[in-house]
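Structure first, then comments.
So that the names make sense, note that chain A is the first sequence line, chain B the second, and so on, each numbered from 1.
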Protein chains: 2
Amino acid sequence: MSAVTMTMVAKQAGVSVSTVSHVINGTRPVAGATKQRVLATMDELGFTHKPVARSLAAGSTTTIGLSMSWVSSMYGQELVAGIEEECLRQGMQLLLADTRDDEDREERAVANLLAHHVGGMLVAPTARWHSATLRLLQEHSVPYVVIDRLQDMRVDQVGVENESGSSSVVEHLLQIGHRRVAAITGREGLATTRERLAGYRLAHRRRGLRVDERLVVSGGSTEQGGRRAMAQLLASGPAPTGVFISNDSMSIGALRALQEAGISVPGQMAVVCFDDFPWGDVFHPRLTTIAQPSFAIGARAVQLLVRRLSDPQAPAQTLRLAGEVTHRESCGCNGQGPDLGEFVEVHTPNVGVRHRGTAVRA
Amino acid sequence: MSAVTMTMVAKQAGVSVSTVSHVINGTRPVAGATKQRVLATMDELGFTHKPVARSLAAGSTTTIGLSMSWVSSMYGQELVAGIEEECLRQGMQLLLADTRDDEDREERAVANLLAHHVGGMLVAPTARWHSATLRLLQEHSVPYVVIDRLQDMRVDQVGVENESGSSSVVEHLLQIGHRRVAAITGREGLATTRERLAGYRLAHRRRGLRVDERLVVSGGSTEQGGRRAMAQLLASGPAPTGVFISNDSMSIGALRALQEAGISVPGQMAVVCFDDFPWGDVFHPRLTTIAQPSFAIGARAVQLLVRRLSDPQAPAQTLRLAGEVTHRESCGCNGQGPDLGEFVEVHTPNVGVRHRGTAVRA
DNA sequence: CTGTTAGCGCCTTCAA
DNA sequence: TTGAAGGCGCTAACAG
């Protein structure tokens, strides 16, 4: 039997329901003796608070929703961990919904969450999310913060510094002598895609080199796309000697293509990529990557949401956390390269840091 | 504004709330004309159903809860995907809570889910879950199904066939000539640990070999544990020539230890393990594994729950899905081994199958 | 076929 | 310092 209600507690303790309610919520002073009695009976009866009833009556919740595509990427695990951890600390509950990076699913997911009376939302938007989903969010006038794929809007959002991160690894390749460095870019329309590509270009500019546009290929952010993109790079024209891959899924696809073509890494092709793999230093090729501070991003997102919840008028804030270059062997510099740290300012925010394998610096 | 209620729809359409309710739920016949009118006004006003109010009033929900530790394992992603997919098909919502394989967190997680009025629960229990959590579940008399770590109880549960799976890969090592095959086992108290170890023993028995107990080491199911276990195996006594590792996290740890010791796989050490990696055929060493049908397991779990929801008196059911041996190179048989398929009956249940990379059969 | 009337468990004025 | 009473949005008898 779970049906221990406030009414039952009230009757048993010989007080009114409102007193019980106030004891629970600390929403008005209650005499010490009464309070103790209520607390005791609550404990005795095994009373549990029912958030749904509360939210119905009060119109608010301590539950927040998270809408993201976490099946498609390894990056999501740490993110969710960070979010959960911070939720715990803030005394909030988390409701999860998966979008699979599909706009329709996303709309349904958000609608669901909203229907479940979440008090706020964390959204890692899909590529073309604005249309319906954004409207939903705004119609319900629910506070939300955008994660990862930042928008050109005045909203609370937190993500990684894409441009500086990618520019530093690309510049590393250029610096150790590569002159034909390709880029496999993500899905069109994503801020991350745009910014990481910008980093790639910036690196060339810094070195006074011109980008050969034939070496810039879209991989659509998926594993299959990455595979195709790499295959295409290998097939057409003068092959690159190095490649920058814009996310983890595409990296796997690209590696698959390289393997199928019998090309060794880094021997015949240097590889650097965005997004780290937690097991990146165990398997070969050991990838040189930019690790996102996923855990911290998640935690910060919750903090941003909590802030907005308590102060709806606060100005919108955009947080950019620095990625961390994890230097391994796929770049082929054999430790002769520069310390990449000089390009990237690695600052890990003070929100609970997680170990992510052994980062080998050059 | 999100506050479009049934009452408003009723007034606008000139009917009573109960009619609106019945139109929505199809819970009693409504005249065609009336129904159309209600539907139209609902659409016009942008009405959204509020599940929390419904569950309060009806005492039931279409929301089910999932309590598991999915951050720690890659296996979890497919599982959740399978669960979600099936939930979608069954028209149910999913609430997620992470336990991090910690008993206290698990208790809180389950309590939370219960508090949110879930109509049923999916639980992938931690090692010592019975004490508090199970009681919670039963006190609330909520239907639940156990996933993965099956219990010795009469409850609905679904998991992989641990024993036959591990015995087949271990027997493979024995068959190609290994005589000192070690086992790195999981956390004590887990059914999976027990069963996978039993498979390891069974393989030896089948081949008429005795297990050297010094080669059986616990890795506690964690990456660190796997690393320590492997280090221990390498340090003490006569080293094994092959090893069976009981889950994915420990495999990563063990590989790390092997790498630190400068031991090549499969050259100096043959490796087989439970749990596959989605990217297992891209990186080296390419692990020979037993892939769990995670997606199917998730889907079946939902089906089991739905069945119990509709028929509380149905007899408890235990489902065992076959794992699939994914034969790659870490076993070192160089394709000379037998077709492992002859040991394992691979039957993929009819619940939506997912691609998981290219499985190379010997 | 449809409306009326109680609540579900809780919060929140308004009184006392 | 405390109670009583109304209502959040919806469902489910009970009446027509």
Checklist entry - What distance separates B:Met68 CE from B:Asp148 CG, expressed to the nearest 0.5 Å? => result 8.0 Å
Checklist entry - Nearest 0.5 Å, what's the CE-OG1 distance between A:Met121 and A:Thr63? => result 12.5 Å
Next on the checklist: Taking only side-chain N and O atoms of B:Thr5, does any of them lie within less than 4.0 angstrom of OP1 or OP2 on D:dG9?
Outcome noted: no
Checklist entry - Within less than 4.0 Å of OP1 or OP2 of D:dT2, is there a side-chain N or O belonging to A:Thr19? => result no
Checklist entry - How long is the gap from CG on A:Leu190 to OG on A:Ser221, to the nearest 0.5 Å? => result 5.0 Å
Next on the checklist: Using 0.5 Å steps for rounding, measure from the CG atom of A:Leu66 to the CG atom of A:Leu79.
Outcome noted: 7.5 Å
Item to check | Residues A:Glu106 and A:Arg149 bridged, charged N to O under 4.0 Å | outcome: no
Checklist entry - Among B:Gln157, B:Arg307, B:Arg154, which residue meets the side-chain hydrogen bond (donor to acceptor under 3.5 Å, both in side chains) test with B:Gln317? => result B:Arg307
Checklist entry - Any donor-acceptor pair under 3.5 Å joining the side chain of B:Ser18 to the base of C:dG3? => result yes
Next on the checklist: Could you tell me how far apart B:Met42 (CE) and D:dC10 (P) are, to the nearest whole angstrom?
Outcome noted: 10 Å
Checklist entry - Does a salt bridge link B:Glu85 with A:Arg105, judged by any charged N lying under 4.0 Å from a carboxylate O? => result yes
Next on the checklist: Whole angstroms only, please: what is the CE-P distance between A:Met6 and D:dA5?
Outcome noted: 16 Å
Checklist entry - Rounded to whole angstrom units, what separation is found between the NZ atom of B:Lys35 and the C1' atom of C:dT2? => result 14 Å
Checklist entry - Listed by chain and number, what are the side chain to side chain contact (heavy atoms under 4.5 Å, CB included) partners of B:Asn25, not counting sequence neighbours? => result B:Ser21, B:Thr27, B:His49, B:Arg54
Checklist outcome for this item: Within residues 23-34 of chain B, the residues having a heavy atom closer than 4.0 Å to DNA chain C are B:Arg28, B:Pro29, B:Val30, B:Ala31, B:Thr34
Checklist entry - Is A:Val20 touching bases, backbone alone, or none of the nucleic acid, heavy atoms closer than 4.0 Å? => result nothing
Checklist entry - Can you tell if the side chain of B:Thr19 reaches within under 4.5 Å of the side chain of B:Lys35, non-hydrogen atoms only? => result no
Checklist outcome for this item: Rounding to the nearest 10°, end axes of the helix from C:dC1-D:dG16 to C:dA16-D:dT1 built from five pairs each make an angle of 40°
Item to check | Interatomic distance, B:His22 NE2 vs D:dT11 P [rounded to whole Å] | outcome: 9 Å
